[in-house]
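Report on one structure; see the data block that follows.
Residue indices begin at 1 and follow the sequence shown. Just follow the structure's listing: the first ligand is 1, and inside any ligand the first atom is 1.
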Amino acid sequence: MRSVKRLSQAGLLALVWLSTSLHAGLQPPQAAVASAHPLATQAGENILQAGGNAFDAAVAVAAMLAVAEPSGSGLGGGGFFLLHSAEDGRKHFLDARETAPAAIRAAMYLDEEGRPQRELLRRGPLAAGIPGLPAGLVQLAQEFGSMPLKQLLEPAIRVAQEGFEIDAKLARTMAYREADLASYAHSAAVFLDEQGEALAAGTTLKQPDLARTLQKLATFGRAGFYSGSVADEMLRSVRNAGGVWTAEDLRNYAVKMRRPLVLGFGDWQIVTAPPPSSGGLVLGEIFQMLDLMGFTTVEDMGLRRHMLIEAMRRAYFDRARYMGDADYVPVPSRRLLAREHAQQWLESYSPRHATPSAELSPEPIASVGMGMNTTHFSILDGQGNRVSATLSINFGLGAAFVAGRSGVLLNNEMDDFVIAPGVPNGYGLVGGEANLVEPGKRMLSSMTPTFLEGAERVAILGTPGGSRIITMVLLGLLDLMEGRSAAEVVAAPRFHHQYLPDVVQLEQGGFDDEAKELLQLRGHPIKELSRQYGNMQVVVWDQDKAKVDAAADPRGVGRASSFVVRPSIEQQALELIP
Ligand code: DON
């Protein structure tokens, strides 16, 4: 077993860029893929068995999810890929988040009295940012992959062409968005039957137009999507339906390579998402507060949950106030992560009772959040390369708008912007100036693809779930630090606080009366949700046990697989050479 340098004094948090990292050089006994769809997991496994690396597999998995889980992500959306390269131990954060079109103005989403017109942020082309995933896949394959893009996209193209069986989860999402899908001819042609009803579970969904667009991407790289016939068709259909995209918007779209945020908690290192995700900063603030509270020494479950909720409340306050696209607005990352900032927050903390959110600020009140879509996958290859990717088109089936014969279902990610300070979005999140919609800007995200690294354990995790993503990742990290298995982590019951609305959201069926009473005793208003949420995908490599373990969230229809990568004939031959 390798000894690992102690990263920090207990709890010391650092915003640092580590060029090399723990575990460089070690090889896992197995590879693993966990994703939200069995076809995507299979595509990733096949690429790894064919000699591809984790980055190749990530391209194949993401492309397959774009076809087989159109409710969660797709070519019309975007996302974040957190990467660990085993060769040099370096981490990278590939930001393929959507951007606001140049002609967009916040006023376009308001009526004459300045009231938000929610519909415009939820469906149709004004809801859609400029897609980032196609450029992200091309860059991932070129810079990190080892196989041609054509080979990586081939399985997705085949399934788009030949079709796949619709599962119950996708059928439910299509039924939920039926009226929206029916408003747009090309959406109806793909997702509704001749009677205008959502396709039922068990029927075959074929997407020949999408197959052609994927083929163009495979042949011409980013030019196959951001210019030429696919771009022309998307622009024609977007503009006909009242959207404002231009050819320049598409041509100018750029992936950003960023430094991941690296946090420390005890002996653990957490590598996670920087802005324009709020995930890493919110996690960092929470860990800093937990450390000051002495969280890890507390055994009383009621007090532990209280501590977590109070830290969540305060960090989400800062999310609303300070966080946005750091390329456009100054995000005070260092100050937010500083120990002094956590100390200030804890001046209003009491272990005995809840702090009402209204006492933190006189900001306007938000409505209740929702959301179950987006997608996450985690990959570990036989060399120890890792990918943690969260991809999105925002709501289930995004803007419900298929852009003409391109077959591309557009996102409704513009709803992640603030259109006016204090006006909540679809997840009940409020925000301020930092996340106001601006041309070219990336909308603030909660997507938090993450690695956990300790002396003997490495984990890859993430989940969809809108504003609840960050607290799910937090609970997952704490469980992983306590040695729980991948299956235990994905199945654990979840709770959430996001500053506003000022309630503790409890997952349906997850908490007994005693747990609820303990929260109520401290004055926490509780909202028991009518359903479960999240779709977490976890891979864990326990180096002391030489074991790789993977699990897909039982709330979804995903599949996790860990397997020994068979050496190729060439590798076997090389090994025989003395
Ligand atoms: O980037 C974000 O934070 C959101 N667009 C994620 C949406 C999501 O997770 C939907 N699923 N519930």
Side-chain angles (χ1 to χ4, degrees), residues 36 65 69-74 76-82 93 95-100 121-123 127-133 136 169-170 172-173 176-177 272-283 316 319-320 323-325 368-377 388-400 409-418 424-431 435 437 441-450 461-473 494 496 498 505 507 529 531-537 553 555-556 558:
L65 288 168
E69 197 205 23
S71 52
S73 67
F80 301 132
F81 296 84
L82 176 65
F93 188 78
D95 170 355
R97 180 75 162 162
E98 301 90 331
T99 55
L121 288 155
R122 312 278 153 93
R123 62 187 201 117
I130 304 301
L133 186 67
K169 180 171 171 277
L170 177 55
R172 271 197 305 277
T173 311
Y176 178 67
R177 298 297 303 271
T272 187
S277 172
S278 56
L281 292 178
V282 170
L283 280 181
Y316 272 80
R319 183 193 192 281
M323 298 181 201
D325 181 351
V368 181
M370 46 81 79
M372 262 296 278
N373 287 285
T374 298
T375 200
H376 178 88
F377 62 83
S388 182
T390 313
L391 311 174
S392 183
I393 51 172
N394 202 25
F395 290 7
L397 295 165
L409 177 63
L410 301 189
N411 68 83
N412 61 353
E413 222 80 62
M414 295 299 283
D415 190 55
D416 282 342
F417 274 121
V418 169
N425 75 353
Y427 303 104
L429 288 168
V430 287
N435 189 30
V437 59
K441 194 178 183 181
R442 283 160 150 84
M443 54 296 277
L444 184 63
S445 177
S446 300
M447 292 187 287
T448 313
T450 296
L461 73 157
T463 179
S467 58
R468 302 189 193 109
I469 290 175
I470 312 170
T471 56
M472 281 187 262
V473 171
R494 294 163 180 160
H496 173 76
Q498 60 179 43
Q505 301 176 24
E507 203 181 26
L529 301 173
R531 59 192 175 91
Q532 297 184 309
Y533 63 87
N535 197 2
M536 185 172 274
Q537 310 296 327
D553 199 315
R555 296 159 186 82

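Between Phe80 and Phe93, the ring planes are tilted. Angles from 30° to 60° get that label.
Neither the backbone nor the side chain of Leu444 has a heavy atom within less than 4.0 Å of ligand 1. Within the 4.0 Å heavy-atom criterion, both parts of Ser446, backbone and side chain, lie near ligand 1. Contact annotation: for Asn394 versus ligand 1, heavy atoms closer than 4.0 Å belong to both the backbone and the side chain. With a 4.0 Å heavy-atom cut-off, ligand 1 is reached by the side chain of Glu413 but not by its N, CA, C or O.
With ligand atoms numbered from 1 in the order given, ligand 1 contributes 1 (O) to contacts under 4.0 Å with heavy atoms of Arg97. Applying the 4.0 Å criterion to heavy atoms of Ile469 picks out, from ligand 1, the atoms 9 (O). Of all atoms in ligand 1, numbered sequentially from 1 with element shown, those under 4.0 Å from a heavy atom of Tyr427 are 7 (C), 8 (C), 10 (C). Here is the list of ligand 1 atoms found below 4.0 Å of a heavy atom in Met447: 1 (O), 3 (O).
Between Gly466 and ligand 1, a contact under 3.5 Å exists for at least one N or O pair.
Residues meeting the salt bridge (charged side-chain N to carboxylate O under 4.0 Å, His left out) test with Asp553, sequence neighbours left out: Arg494, Arg555. Remark: Arg123 pairs with Glu119, Asp180 by the salt bridge (charged side-chain N to carboxylate O under 4.0 Å, His left out) rule, at least two apart or across chains.
By the 4.5 Å heavy-atom criterion applied to side chains, Ile470 and Tyr316 are counted as neighbours.
Listed for the Gln537 side chain is no donor-acceptor partner under 3.5 Å among the backbone atoms of Gly558.
Donor-acceptor pairing under 3.5 Å is recorded for the side chains of Ser446 and Arg319.
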